[in-house]
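This report concerns only the one structure given below.
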2 protein chains.
Amino acid sequence: MAKKQIPKPTDSELEILQILWRNGPSTVKVVNEILNEKKDVGYTTTLKFMQIMNEKGLVQRNEDERSHIYSASINQNDTQKVLLDKLLETAFSGSAANLVMQALGNSNTSKDDLKKIRDYLNKIERGE
Amino acid sequence: MAKKQIPKPTDSELEILQILWRNGPSTVKVVNEILNEKKDVGYTTTLKFMQIMNEKGLVQRNEDERSHIYSASINQNDTQKVLLDKLLETAFSGSAANLVMQALGNSNTSKDDLKKIRDYLNKIERGE
DNA sequence: AGCACTATACGAAAAGTTTCGTAGTTAATA
DNA sequence: TATTAACTACGAAACTTTTCGTATAGTGCT
């Protein structure tokens, strides 16, 4: 079955998707407010981004109300997969093991997370 | 000691860096030939990229010979770190565990690699 | 010296991303 | 019913990235 072609979002687009994934369907106003917690960005800038993302099919919007409500139309997992695969290819020469070890080394992962990963490894080795 | 500021290379730049990391110092000709194994790209396009990368400080070149010899001036590990951290933030909300599990799930990692990862986990849990 | 070959330098077009200003529309309200 | 406030639409500037064409210059032959 042909998997829908997921376009690679730009960094700015990803910031917005991130918010939509976390918050669920949101207005431009809300998204812009959240963005502004981290950096200065004008309302119309955010609006424009979201309009473009709509054209690209990255988000959908409900226009019933005067304030349109936007929601992500690609899911977080699929997007993560696309970006991860890309990074794996372009920066890690396809070696997932290297990538994983870098990721673990760079971040201080909690004991709990380490256990989760270990369990996951077990599951894989038992053949899912 | 102040860590040198590593700029985030573009996708195309990364492809070239990749080649330089693998092959060591190389001429534009060689890099272009390798690129062309995967996709069509003109010689002067590759040349231009490498000239720009030189200006940006991503590569260095030795001009002693008529064919300049380029080498990566940022190392693979540092670059991987920068890109991975970025991805972790923008797509995985900072959760390394999620990233790792996605990476393991998506790629078919070899038994050998899985063992390497497991050993690495052990090392971390024992406190490096 | 003249020619063909191989390289680099430079400029610029084309496309994509980011950022806003301005204009116009709808809804509430004084 | 004017005014004001909250939104959307649109266009365009400023940058960055990607892609080449053309001009130039050094090398080695004939």
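In the text below, chain A, chain B and the rest are named by the order of the sequence lines, each starting its count at 1. What you see is a predicted model; the values in this text were computed from it and never measured. Excluded from the calculations below are hydrogen atoms, water molecules and symmetry mates; all remaining heavy atoms, backbone and side chain alike, are included.
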- Would you please name every residue forming a side chain to side chain contact (heavy atoms under 4.5 Å, CB included) with Q60(A), sequence neighbours left out? S71(A), S73(A)
- Query: Which salt bridge (Lys or Arg N to Asp or Glu O under 4.0 Å) pairs, counting each pair once, include a residue from residues 12-34 of chain B, with sequence neighbours left out?
  - Reply: E13(B)-K56(B), E15(B)-K39(B), K29(B)-E33(B)
- Query: How many Å lie between CG on L47(A) and P on dT22(C), as a whole number?
  - Reply: 16 Å
- Message: Could you work out, with side chain to side chain donor-acceptor pair (under 3.5 Å) as the rule, every residue matching S67(B), not counting sequence neighbours?
- Response: none
- Rounded distance (Å) that lies between atom C1' of dG21(C) and atom CD of Q51(A): 14 Å
- Message: Using only atom types and a distance under 3.5 Å, with no angle test, would you say the side chain of N36(B) pairs donor to acceptor with the backbone of N32(B)?
- Response: yes
- Item | N-O pairing of D112(B) and K115(B) below 4.0 Å | no
- Message: In whole Å, I'd like the distance from the CG atom of D64(B) to the C1' atom of dA7(C).
- Response: 16 Å
- For I34(B), all residues meeting side chain to side chain contact (heavy atoms under 4.5 Å, CB included), sequence neighbours excluded: I19(B), N23(B), V30(B), E37(B)
- Nucleotide range of DNA chain D contacted by chain A, 5' to 3', under 4.0 Å to a heavy atom? dA6(D) to dA12(D)
- Which residues satisfy the side chain to side chain donor-acceptor pair (under 3.5 Å) test with T109(A), sequence neighbours excluded? S107(A)
- Task: Specify the residues of residues 20-36 of chain A, ordered by number, for which at least one heavy atom lies under 4.0 angstrom from an atom of DNA chain C.
- Result: none
- Message: Which residues pass the side chain to side chain donor-acceptor pair (under 3.5 Å) test with K8(A), not counting sequence neighbours?
- Response: D11(B)
- Message: If the condition is side chain to side chain donor-acceptor pair (under 3.5 Å), which residues does N62(A) pass it with, not counting sequence neighbours?
- Response: none
Grab the N/O contacts between the protein and nucleotides 24-30 of chain C below 3.5 Å, and write none if there aren't any.
| unit_1 | atom_1 | unit_2 | atom_2 | d |
| --- | --- | --- | --- | --- |
| dT26(C) | O2 | R66(A) | NH2 | 3.4 |

- Message: Donor-acceptor check, side chain of T44(A) to backbone of L47(A), threshold 3.5 angstrom: yes or no?
- Response: no
- Have T90(A) and Q18(B) got a donor and an acceptor in their side chains that come within less than 3.5 Å? no
- Query: Side chain of Q80(A), backbone of A91(B): donor and acceptor closer than 3.5 Å?
  - Reply: yes
- Task: Mind checking side chain to side chain contact (heavy atoms under 4.5 Å, CB included) for E63(B) and listing every partner two or more places apart, or none if nothing turns up?
- Result: R61(B), H68(B)
Name the pairs: protein N/O against N/O of nucleotides 17-19 of chain C, kept only if under 3.5 Å.
| unit_1 | atom_1 | unit_2 | atom_2 | d |
| --- | --- | --- | --- | --- |
| dT17(C) | OP2 | K56(A) | NZ | 3.3 |
| dT18(C) | OP1 | S12(A) | OG | 3.2 |
| dT18(C) | OP2 | T10(A) | OG1 | 2.8 |
| dT18(C) | OP2 | S12(A) | OG | 3.4 |

